[in-house]
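For reference, the structure discussed in these notes is given below.
Computed from a prediction, not measured in an experiment: that's the story for all the values here.
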Amino acid sequence: MSAQTTTDANGRFNFRADSRTVYKVRLMDSYGWGGRNPFTFADKWIGGKSTFDDAEGYASAREIVLDAPGIIDLGTEAAAFSDLPAFTVSSKPTIIGDPAFGQELFATPGSWSPTPLYGWKYTWYRGEEQLTGARTDPTYRPGLPDVGQGQIHVVVSAAQWGVARYTEARSSDVSVPPIKLPDPGVTIEGQTQVGQRLTAALAVPEGWHAEYLQWIRSPQWYRDGIKISGAESIDYDIVEADLGAVLSFTAGDRISHAPVETPIVAPGALGAAPVPTITGDLKVGSVLTANPGAWEPSPVSLEYQWFRSGVAISGATESTYVLAGADAGQAFTVQVTGSRSGYEAVTKSSASTAAVAPGALGAAPVPTITGDLKVGSVLTANPGAWEPSPVSLEYQWFRSGVAISGATESTYVLAGADAGQAFTVQVTGSRSGYEAVTKSSASTAAVAPGALGAAPVPTITGDLKVGSVLTANPGAWEPSPVSLEYQWFRSGVAISGATESTYVLAGADAGQAFTVQVTGSRPGYTPLMNESASTGPIAEGSFGQVQVPRISGTPKYLETLSVPRYSYDWFSTPAAQSRTSQWYRDGVAIPGATSMDYSVQLADIGHAVSIRLTLTKPGYATHTVESLPTAKATPAVFVAPIPVVNGAVKVGNVLTFDTTTWNTGRASNFYDPQLTKRYQWYRSGVAVPGEIGPGYRLSATDLGKRVKLRVSISKPGYATVTKDSLETGTVAAGTLTAPAPTVTGIKKVGYALTATPGTWMSGTILKYQWYRSGAAIAGATVAKYTLGAADLGKSIKVRVTGSKAGYTTLAKDSAASIAVVAGTLVAPVPRISGTPRSGYTLTAAPGTWTYGTILKYQWYRSGVAIAGATGRTYRLVAADRYDTIKVRIVGTKAGYTTAIKYSASTVRIP
């Protein structure tokens with residue numbers, strides 16, 4: 001069983017329980033008893049339980065005291081509310097209205113049967129969380145906690161005592177969208193540089209307060225699209241890890257705004273860098289120290305580079321530098337470079353020092369000289385010990401106070417020129433960066449001369465006959481080298497000028513005896529002389545080998561015979577002092593023929609010719625030698641070369657006989673009036689009728705054939721000579737000539753180009769072919785060509801091909817054009833027609849575009865693209881209220897630049 005009653009005004013209610021029945025009590029909200037508004041039972045049963053089965057039971061009289069007057073529903077375990085049927089809900093509740101912040105939502109209960117007598121109670125939920133403080137009536141206005149926070153729904157409940165038990169019905173969910181910030185949405189303020197702070201400023205929507213955004217925002221910064229841990233404030237301090245990255249910011253899921261990002265993060269900037277200073281003694285061997293000063297922000301890594309007179313010193317990269325010898329006289333600076341990860345490096349240079357002074361060597365010892373003071377001995381310089389080590393030593397020897405050129409070693413070999421001279425040595429110590437010091441030894445006594453060894457007796461070898469060579473053999477002289485001088489004697493009398501080691505016996509030497517005297521000398525040594533034994537008497541000389549003369553040339557009338565120069569320049573050994581010649585015909589001397597050349601005469605025809613040479617020389621017997629006779633002399637003959645034909649072997653060209661190459665020898669030249677000349681041209685071995693001149697023009701009939709010329713000459717007393725030229729090569733086709741064609745017209749898709757071929761040879765047939773970036777365009781074979789989409793970005797040229805019988809085909813290309821640019825679409829501004837009111841349809845009128853243009857539509861609500869609204873028409877909906885509408889049309893066509901046009905906006909939709 002169940003029953004309902006009310007408490008008294010003080011919230012008290014008494015009942016007497018039947019001892020056989022256990023009662024359970026549930027509180028009901030009294031709101032709505034007036035029947036004006038829906039209601040539900042309270043959430044709790046007495047005892048704090050939420051279900052009938054778990055609620056506390058009472059089996060005896062009990063007074064229940066409530067906090068306020070209300071309704072009490074009594075029920076028993078035996079007969080609970082399940083005894084009553086539930087309401088029948090045939091259509092669930094619905095939520096009407098714009099689920100946006102501040103807008104009012106209204107819940108309809110749906111269809112219930114029977115209709116609850118006391119109406120309905122409305123409980124609003126965000127997700128599964130009941131909205132605390134929400135009214136129980138059918139209206140709800142979403143607040144800040146709802147913005148972007150899941151789904152809103154309402155539960156409608158009702159109960160009617162004695163008619164139907166407590167029944168609930170749930171509506172579908174609606175979402176409260178995030179708050180959309182007006183453009184630009186979010187602005188990032190600050191310098192995008194390591195070490196700087198960025199601040200995100202949120203644009204406040206109209207009618208909002210900035211603090212509203214503070215309540216619902218959940219800031220987050222990103223580095224190259226990746227969330228930065230802990231960066232959850234509108235402020236962000238740029239760190240080293242951000243260098244080179246792009247930073248972005250979002251205000252959280254509850255706020256909608258356009259994406260925003262920074263430029264690429266640049267390195268930070270170090271603070272003002274101090275100018276370094278240099279301390280230390282400016283002297284070779286001292287240490288210089290670079291004092292960098294204090295760099296900010298700390299820590300800053302410092303690198304050093306020392307400079308010598310403005311030039312960086314390799315490896316000098318520490319804060320100190322030891323002055324070396326090479327630094328003497330140089331000024332120094334130091335360069336300090338500060339760096340810190342994420343910051344741009346900064347370099348500072350110190351002021352220049354004064355010039356570095358050289359170091360000083362220690363006390364230098366006086367050198368000494370040891371060795372035998374005699375030519376040929378070695379003197380040695382003893383320098384002593386120099387400090388600080390190492391010290392480079394240089395030597396200079398002096399002869400009687402004069403420096404000896406090249407004598408710069410620690411030892412010196414006494415030469416002949418040193419005899420009688422006194423010696424000193426000078427030692428100079430030096431070290432890089434130190435002042436050089438020079439010390440000189442004491443002078444020696446005078447150097448004594450050297451002595452040559454025993455002189456050997458020279459000997460004479462060679463044939464004792466006029467014309468032979470005698471040789472003096474001096475023997476071995478010591479110490480080497482020794483300079484030797486020779487003097488030859490004829491029968492005890494010195495021969496003037498005979499001072500070499502050899503002597504050629506002349507005719508005047510016949511019957512004389514010979515000796516040779518050899519004198520040895522060396523600077524600084526006493527000279528020695530010795531003489532050979534005498535030879536026997538010299539015998540007379542005689543001619544040795546005599547070469548037989550050889551006649552060159554052809555024994556033919558008007559030809560020249562000669563004895564080649566090479567055959568008589570070395571005619572005998574020794575060479576004769578005089579030589580006479582005589583030509584002979586069949587052994588009989590020819591009067592007047594006494595030269596080395598002889599021209600064959602008519603009288604010589606049928607006879608042999610020879611030459612006889614006679615050799616003479618004082619003191620030698622006369623010697624005669626004769627050549628072998630020639631063959632019998634023969635008459636002269638006509639000499640005619642092969643005719644030469646000049647000219648290009650091509651149709652249209654003229655071939656000519658080259659008379660400059662024709663020479664008939666001694667008989668006559670080509671222009672001799674006694675010569676008779678005849679011509680005949682041949683084509684592939686067949687005489688060409690009528691072509692009997694020295695020139696011939698090639699015609700189309702000659703194409704592919706070979707051509708030659710026959711020339712015949714004759715002269716009284718000479719046999720006629722006929723000579724054919726060599727055949728030409730195969731006659732080639734003629735060559736057409738023509739200029740390169742030109743192309744005129746606008747290089748833009750949709751425009752026509754025109755080819756102008758220029759002037760070709762008369763009778764030439766012309767054909768055209770257009771090319772796109774080097775590839776032939778199918779069908780484009782006339783003088784005009786209209787640019788299409790396929791030509792966009794390509795270069796265009798035209799090829800003109802000319803052909804003519806007997807000539808090679810000639811193709812000439814125009815210059816390639818610049819790249820063809822896209823065409824421009826005709827694109828008018830679209831208009832919108834239709835009633836601007838919710839539920840009505842608007843239509844876009846695009847106007848007349850370039851033929852073949854593809855149009856795409858996109859409708860906009862107050863400047864924001866409407867999802868899915870991409871047709872030519874658009875039906876206005878409730879969401880369009882208070883906004884303006886416009887349409888964008890995008891026109892595309894292959895080969896043309898895409899055109900975008902926007903209509904004017906409508907009035908705000910009421």
Side-chain angles (χ1 to χ4, degrees), residues 32 37-40 43 87-112 115-116 119-158 166-182 185 205-209 212-213 215-218 250-257 837-840 859-869 874-883 885 908-910:
N37 294 302
F39 69 92
T40 61
D43 288 330
F87 287 100
T88 300
V89 182
S90 59
S91 63
K92 66 181 182 180
T94 59
I95 298 175
I96 301 172
D98 182 6
F101 171 76
Q103 302 296 317
E104 187 173 70
L105 301 179
F106 180 78
T108 63
S111 299
W112 293 60
T115 300
W120 296 270
K121 182 177 180 180
Y122 299 83
T123 305
W124 294 84
Y125 288 84
R126 181 188 307 113
E128 298 306 318
E129 174 189 1
Q130 184 176 344
L131 295 176
T132 304
R135 295 170 57 186
T136 57
D137 61 19
T139 62
Y140 178 69
R141 191 179 298 275
L144 288 176
D146 301 313
V147 173
Q149 292 292 92
Q151 308 294 319
I152 299 293
H153 69 269
V154 66
V155 172
V156 179
S157 60
Y166 173 75
T167 304
E168 292 181 349
R170 174 176 170 158
S171 72
S172 298
D173 293 333
V174 296
S175 298
V176 178
I179 294 301
K180 178 175 177 57
L181 300 183
E206 185 177 356
W208 274 62
H209 297 291
Y212 289 178
L213 297 179
W215 295 339
I216 65 173
R217 73 188 182 200
S218 51
T250 62
D253 295 338
R254 302 177 68 187
I255 298 176
S256 171
H257 58 84
R837 182 174 296 174
S838 179
Y840 286 83
W859 293 85
Y860 287 79
R861 178 189 299 121
S862 292
V864 179
I866 304 172
Y874 173 65
R875 185 178 181 82
L876 295 167
V877 297
D880 299 319
R881 295 180 65 191
Y882 310 118
D883 286 309
I885 302 296
R908 293 190 180 275
I909 308 302

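With sequence neighbours excluded, no residue satisfies salt bridge (charged side-chain N to carboxylate O under 4.0 Å, His left out) with Glu206. Every residue meeting the side chain to side chain contact (heavy atoms under 4.5 Å, CB included) condition with Arg254, not counting sequence neighbours, appears here in chain and number order: Val147, Gln149, Ile216. With sequence neighbours left out, the side chain to side chain contact (heavy atoms under 4.5 Å, CB included) criterion links Ser172 to Lys92. Applying the side chain to side chain contact (heavy atoms under 4.5 Å, CB included) test to Pro116 and every residue at least two apart in sequence or in another chain returns Phe87, Trp112, Trp120, Ala158. With sequence neighbours excluded, no residue forms a side-chain hydrogen bond (donor to acceptor under 3.5 Å, both in side chains) with Ser256. The side chain to side chain contact (heavy atoms under 4.5 Å, CB included) search around Trp215 returns Leu144, Glu211, Tyr212, not counting sequence neighbours. Ser175 pairs by the side-chain hydrogen bond (donor to acceptor under 3.5 Å, both in side chains) definition with Gln151, not counting sequence neighbours. Under the rule for a salt bridge (charged side-chain N to carboxylate O under 4.0 Å, His left out), Asp253 has no partner lying at least two apart in sequence or in another chain. Judged as a side-chain hydrogen bond (donor to acceptor under 3.5 Å, both in side chains), and not counting sequence neighbours, Lys180 has no contacts. Every residue meeting the side-chain hydrogen bond (donor to acceptor under 3.5 Å, both in side chains) condition with Tyr860, not counting sequence neighbours, appears here in chain and number order: Arg888.
Interatomic distance, CD1 of Ile885 versus CD1 of Ile866, reported as 4.5 Å (0.5 Å rounding). Atom CG of residue Asp880 and atom CZ of residue Arg875 lie 11.5 Å apart, to the nearest 0.5 angstrom. Once rounded to the nearest 0.5 Å, the distance linking CD1 of Ile909 with OH of Tyr840 reads 12.0 Å. How far CD1 of Ile152 is from OG of Ser171: 9.5 Å, rounded to the nearest 0.5 Å. Between the CG atom in Asp137 and the CZ atom in Phe106 there is a gap of 9.0 Å [rounded to 0.5 Å].
Looking at Ser111, its side chain never comes within 3.5 Å of a backbone N or O of Ser90 through a donor-acceptor pair. The closest donor-acceptor contact from the side chain of Arg141 to the backbone of Leu105 lies at 3.5 Å or more, if one exists at all.
Annotation for His257 and Gly185: closest pair CB-CA, 4.1 Å, computed over non-hydrogen atoms. Shortest non-hydrogen contact noted between Tyr874 and Ala869 is CD1-CB, 3.8 Å. Nearest heavy-atom pair across Pro177 and Pro99 is CD-O, 2.8 Å. Here the closest heavy-atom approach between residue Ala100 and residue Pro142 is recorded as O-CG, 3.7 Å. Scanning both residues, His153 and Ile95, for their nearest heavy atoms gives CA-CD1, 3.9 Å. Residues Pro138 and Trp124 come closest through the heavy atom pair O-CZ2, 3.4 Å.
For residues 144-157, the set of pairs meeting the salt bridge (charged side-chain N to carboxylate O under 4.0 Å, His left out) definition, not counting sequence neighbours, comprises Arg126-Asp146. Legend: side-chain hydrogen bond (donor to acceptor under 3.5 Å, both in side chains) pairs involving residues 94-104, not counting sequence neighbours, sorted by first then second residue: Thr94-Thr108.
Here the side chains of Ile179 and Trp208 are in contact, with some heavy-atom distance below 4.5 Å.
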Item to check | Trace of the side chain to side chain contact (heavy atoms under 4.5 Å, CB included) decision for Leu181 with Leu213 | outcome: CA-CA 10 Å; Leu181 300 183; Leu213 297 179; 4.1 Å; yes

